[in-house]
Amino acid sequence: MVQGVFHPSYRALQQDAGALLGQRGLMVLKGAGGEFERHPGKAVVLYGLAGGATFDITAPAVQATQRRLADTEAERWHLSALWHGERADPWAEDIVIGTAAAAFLALNAAPSIAAADAIARDLWTERLGRIAA
């Protein structure tokens, strides 16, 4: 399960609630508007449950840029153009990749955020070949 929260103090609360409800896997992060979306220009603390045990880790920033998520160039054109490789926006791509990496970590599909980032980046790079196939 992935959950986005608006207020930072709710991350631990959601993590504790998940544990009390018997959740085995959970990832909670503070998104700009409360959504589950990893900001590429900031270190993001991820609160979670793995096998029912609590953890928190910091996913590092992947860009030095300090932009608001709402200022993403992709907001001005359809996101399918980004997906199909018709437009490029490294900021928007890092939002997609970083958010997917957090979800992969929640699924226990990677042993660390660095490994999850690598998986997500590889899948993003390979997507165009899969779309064409």
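Nothing here was measured: the structure is a model prediction, and the numbers come from that model.
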Completion exercise
dist K42:NZ -> T58:OG1 (nearest 0.5 Å) comes out at 14.0 Å
Handout entry: Same cluster (ILVMFWY, side-chain, under 4.5 Å), Y47 and V2
Key = no
Problem - Test item: Q15 side-chain N/O and L26 main-chain N/O as donor-acceptor pair under 3.5 Å - result: no
Handout entry: Path from W83 to L128 over hydrophobic side-chain contacts below 4.5 Å
Key = yes
Exercise for the section: Check A120 against A101 and note the closest heavy-atom contact, atom names and distance. Expected result: CB-N, 3.8 Å
Problem - V62 with W124, same ILVMFWY side-chain cluster at under 4.5 Å - result: no
Practice task
Would you name the heavy atoms of I119 and A109 that are closest together and state the gap between them?
Solution key: CD1-O, 3.6 Å
Problem - Short side-chain to backbone donor-acceptor contact, E86 and H84, under 3.5 Å - result: no
Handout entry: V28 versus Q14, closest heavy-atom pair with distance
Key = CG2-CB, 3.9 Å
Exercise for the section: Applying side-chain hydrogen bond (donor to acceptor under 3.5 Å, both in side chains), name anything that partners D94, two or more places apart in sequence or on another chain. Expected result: Q63, R121
Problem - Distance (rounded to the nearest 0.5 Å) between Q3 CD and R11 CZ - result: 13.0 Å
Exercise for the section: Answer whether the closest heavy-atom distance between the side chains of I57 and S112 falls below 4.5 Å. Expected result: no
Exercise for the section: Treat each ILVMFWY residue as a node, draw an edge where side-chain heavy atoms are under 4.5 Å apart, and state whether M1 and V5 are in one component. Expected result: yes
Problem - Atom pair CG (L46) and CG (D56), whose distance is rounded to the nearest 0.5 Å - result: 9.0 Å
Problem - Spacing of K30 atom NZ and S9 atom OG [to the nearest 0.5 Å] - result: 10.5 Å
Practice task
Taking all heavy atoms of I95 and all of P40, pick out the closest pair and write down the distance.
Solution key: CG1-CD, 3.6 Å
Completion exercise
Smallest heavy-atom separation, W91 atom then T65 atom, equals CZ3-O, 3.6 Å
Exercise for the section: Determine whether D117 and R38 make a side-chain contact, defined as any pair of heavy atoms from C-beta on separated by less than 4.5 Å. Expected result: yes
Practice task
Look up atom CG in D122 and atom CZ in R127, then write down how far apart they are to the nearest 0.5 Å.
Solution key: 12.5 Å
Practice task
Using the test side chain to side chain contact (heavy atoms under 4.5 Å, CB included), find all partners of A19 that sit at least two apart in sequence or belong to another chain.
Solution key: L49
Problem - Minimum side-chain heavy-atom gap L13-H7 below 4.5 Å - result: no
Practice task
State yes or no: do F36 and I113 share one hydrophobic cluster built from I, L, V, M, F, W and Y residues joined by side-chain heavy-atom distances below 4.5 Å, directly or via other members?
Solution key: yes
